[in-house]
2 protein chains.
Amino acid sequence: MEKTPNLNEVAKLAGVSIMTVSRVINNSGKVSEKTKQKVLDAIKEIDYQPNMIARSLARKKTNILGLVIYSEEGVHPTFYNEIMNGVQSGASELGYDLLIFAQNDEQSYRNRIIRSSLVDGVIFMGIHVNEDDIRSVHEKGFPYVFVGKREVKGIEPYYISPNYIEGTKVATNYLIEQGHQKIGFIGQSKKIAPDYDKFLGYKQGLKEHGITYNEKLVSEQSQSQADGYNAMKEMLKHKPTAVMLNNTYTTLGAITAIKEEGLVIPDDISVIGFDDNQELNQQFNDFIGLDLTSLQIPKLELGKQAAKLTISLVEGNEHPKANYLDLVFLQKNSCQKL
Amino acid sequence: MEKTPNLNEVAKLAGVSIMTVSRVINNSGKVSEKTKQKVLDAIKEIDYQPNMIARSLARKKTNILGLVIYSEEGVHPTFYNEIMNGVQSGASELGYDLLIFAQNDEQSYRNRIIRSSLVDGVIFMGIHVNEDDIRSVHEKGFPYVFVGKREVKGIEPYYISPNYIEGTKVATNYLIEQGHQKIGFIGQSKKIAPDYDKFLGYKQGLKEHGITYNEKLVSEQSQSQADGYNAMKEMLKHKPTAVMLNNTYTTLGAITAIKEEGLVIPDDISVIGFDDNQELNQQFNDFIGLDLTSLQIPKLELGKQAAKLTISLVEGNEHPKANYLDLVFLQKNSCQKL
DNA sequence: TTGTATGCGTTATCAT
DNA sequence: ATGATAACGCATACAA
């Protein structure tokens with residue numbers, strides 16, 4: 001490895017002081033057009049690139065964001081990866097790099113994050129978060145944003161979350177406007193916050209149209225294909241004309257059950273899915289031969305917004321603690337007007 | 001944001017010089033047990049954490065690895081994300097952080113990477129790589145590793161790749177040992193290097209057992225479910241007793257075709273899949289009700305090895321240019337002894 | 001065993 | 001418009 005050139009060498013070559021070179025690089029202060037050219041030429045000649053580390057030390061700012069992913073066994077679900085891509089992209093757009101913190105153990109990151117001066121701000125992501133980390137970061141006034149709605153005892157944390165309630169309400173309204181009254185909902189889980197919010201939106205939609213809530217048309221089972229299959233089997237006894245599902249897996253199971261009963265989508269029953277995984281969903285659509293109408297989480301955008309919000313906080317701006325991003329309602333052909 | 005403490009403040013509090021503190025932190029040089037305790041106490045008291053930026057500048061080493069992902073439209077296929085997780089994990093194990101470079105345009109990274117002194121080494125990943133970047137990094141002697149076999153004109157690059165040839169050879173041998181002679185292969189593509197390697201392994205397996213290659217049992221179509229479906233339909237006319245597939249999508253299509261013909265897996269035909277996406281595959285297995293025997297790319301491990309190899313190069317060790325990682329042959333129940 | 005001086009490459013401050 | 005000098009926080013070399 002050859003030594004990388006520094007300001008001194010550029011200055012010497014251009015016949016000016018390092019400060020002039022620095023000014024040219026940063027477009028700051030006044031530099032005459034003539035010397036500016038000399039400097040630019042010198043920079044090009046020796047292929048000079050500013051040393052980010054030295055710059056960071058002097059500026060006390062690294063232009064690096066940290067992304068902390070709390071995951072199990074070192075494997076991050078696809079879901080997080082897509083958001084991560086968005087974070088990277090959003091950070092990049094504003095001239096920030098992204099540093100990944102992730103480990104299988106539940107180690108605390110707070111010291112490395114806040115004290116080491118390596119990152120200017122941090123984004124938290126994952127279910128099994130170390131809440132002490134967030135609390136600590138929060139109390140130190142260190143810029144951070146959490147992806148996903150979050151309650152942390154004792155503080156009111158910054159977060160950006162998909163607006164599940166609003167999303168399912170929109171979808172429910174859509175079904176109702178298509179003439180549906182007996183609308184099923186699979187995946188009402190009190191344990192999983194997003195799933196419960198989806199349920200709330202569904203309920204609100206019904207309420208706004210004066211449709212009485214029928215608990216026979218709601219199932220708590222929410223995780224696997226088997227859950228969706230069983231829930232749908234049971235629910236079909238009560239003849240819903242439409243059904244909303246909480247994720248890709250339950251959707252698959254439910255569709256299997258519907259087909260087994262000899263029903264056709266959307267002729268006999270309308271279906272709205274909830275797509276947590278676009279690639280998976282795409283492939284299933286191909287396989288099932290069905291273009292599912294669904295609510296989509298704009299994961300890339302979610303990540304981007306998280307990055308931009310964090311950067312805005314880094315730069316000293318004020319923001320509300322709770323931030324929401326609309327879901328995308330994708331109307332395909334699994335719903336029918338009654 | 002409160003000011004973070006530095007060596008000076010620890011030293012003052014402990015009543016020693018900053019050098020003693022530095023020695024305690026780095027476990028270098030001789031420090032008496034007594035002063036060591038004083039220093040440790042002081043560190044704990046003010047919650048001191050070394051400033052990584054200052055350390056990096058002084059050491060001329062950041063302990064940060066860069067990961068460059070060349071992708072399209074800012075979206076990285078799941079495949080890369082899993083490898084990325086491995087890279088992060090591997091780097092972390094050896095005390096390195098990971099910085100992500102990724103953008104939708106085909107921008108060159110070489111200057112930022114090599115010259116800015118931000119990262120000690122770099123890992124490249126993706127199809128549409130900017131070859132000039134690699135060449136430049138290579139020629140400067142900057143530590144790097146490419147994930148996936150790579151040919152770059154003019155140089156012999158460092159890479160670590162799944163051993164596709166060996167993998168499919170093992171799988172082919174397995175089928176032959178189970179008594180199969182008419183073994184089909186779907187996905188021989190000259191355009192996609194890994195797919196062609198898979199084909200080569202298949203061919204070698206046949207050759208080792210003196211089975212003549214029958215091109216009626218080989219299909220070039222290799223990308224989509226439709227490809228797999230069509231290829232299988234055609235191939236079934238020649239009555240293979242077993243078939244190997246090149247990826248999850250063609251597998252799905254092929255299985256559909258097999259079922260349509262009224263054949264049962266594994267009773268009528270044995271199937272070996274190639275799993276590029278574990279989550280997808282898992283879900284399909286559930287759906288199809290079939291535990292597919294398949295070749296798996298150990299993506300997490302691939303990423304880890306890439307990180308460790310890069311770090312080893314950073315630390316001045318010698319390594320061969322070409323490095324291979326064995327595929328995992330997962331024997332489930334889609335194959336039958338003849 | 002401990003401390004002092006110097007440098008890492010840049011930016012900020014204050015001169016000129 | 002340009003330059004000299006002092007930070008930035010730590011590590012290395014050299015003293016004591």
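Any value given below was found using the heavy atoms of this structure, including those in side chains, with hydrogens, waters and symmetry copies removed. Each chain gets a letter, A, B and so on, in the order its sequence line appears, and its residues count up from 1.
Rounded to an integer number of Å, the gap from A/N63 CG to C/dT10 C1' is 14 Å. Spacing between atom CD1 of B/I43 and atom C1' of D/dC10 amounts to 13 Å, rounded to whole angstrom units. When the C1' atom of C/dT10 is taken as reference, atom NZ of A/K61 falls 15 Å away, rounded to whole Å. Note: CZ (B/R55) to P (C/dG9) measures 18 Å, nearest angstrom. One can place CD1 of B/I53 at 12 Å from P of D/dG9, the figure rounded to the nearest angstrom. When rounded to the nearest whole Å, the span between CG of A/N8 and C1' of C/dG7 equals 12 Å. Atom CG in B/L57 sits about 12 Å away from atom P in D/dT12, given to the nearest Å. Between the CE atom of B/M52 and the C1' atom of D/dA11 there is a distance of 14 Å, given to the nearest Å.
Between B/Y158 and B/H138, the two ring planes are tilted [angle within 30° to 60°]. A/F124 and A/F146 have parallel rings, their planes meeting at less than 30° on a 0 to 90° scale where 60° marks the start of perpendicular.
Shown here for A/Y159 and A/A322, the closest heavy-atom pair between the two residues is OH-CB, 3.5 Å. Residue B/L7 comes nearest to B/V21 through the heavy atom pair CD2-CG1, 3.4 Å, listed as atom of the first residue, atom of the second, then distance.
Between B/N51 and D/dG9 there is no side-chain polar atom (N or O) within less than 4.0 angstrom of OP1 or OP2. For C/dG9, one of the phosphate oxygens OP1 or OP2 lies less than 4.0 angstrom from a side-chain nitrogen or oxygen of B/K60.
Each of D/dT12, C/dG9, C/dT10 was ranked by its minimum atom distance to the side chain of B/R59; first place goes to D/dT12.
The CD atom of B/E156 sits 10.0 Å away from the CD atom of B/E151 when rounded to the nearest 0.5 Å.
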Between protein and nucleotides 2-6 of chain D, what N or O pairs are separated by less than 3.5 Å?
from  : atom 1 : to    : atom 2 : distance (Å)
D/dT2 : OP1    : A/S32 : OG     : 3.3
D/dT2 : OP1    : A/T35 : OG1    : 3.3
D/dT2 : OP2    : A/S32 : N      : 2.7
D/dT2 : OP2    : A/T35 : OG1    : 3.0
D/dG3 : OP2    : A/S17 : N      : 2.9
D/dG3 : OP2    : A/S17 : OG     : 3.1
D/dG3 : OP2    : A/T20 : OG1    : 2.5
D/dG3 : N7     : A/R23 : NH1    : 3.2
D/dG3 : O6     : A/R23 : NH2    : 2.4

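If you check every strand for non-hydrogen atoms under 4.0 Å, A/N26 touches sugar and phosphate atoms only.
Judged by distance alone, the side chains of B/S89 and B/S92 never bring a donor and an acceptor atom under 3.5 Å apart.
Of the charged side-chain nitrogens involved, at least one lies within less than 4.0 Å of a carboxylate oxygen, so that A/D132 and A/R135 count as a salt-bridged pair.
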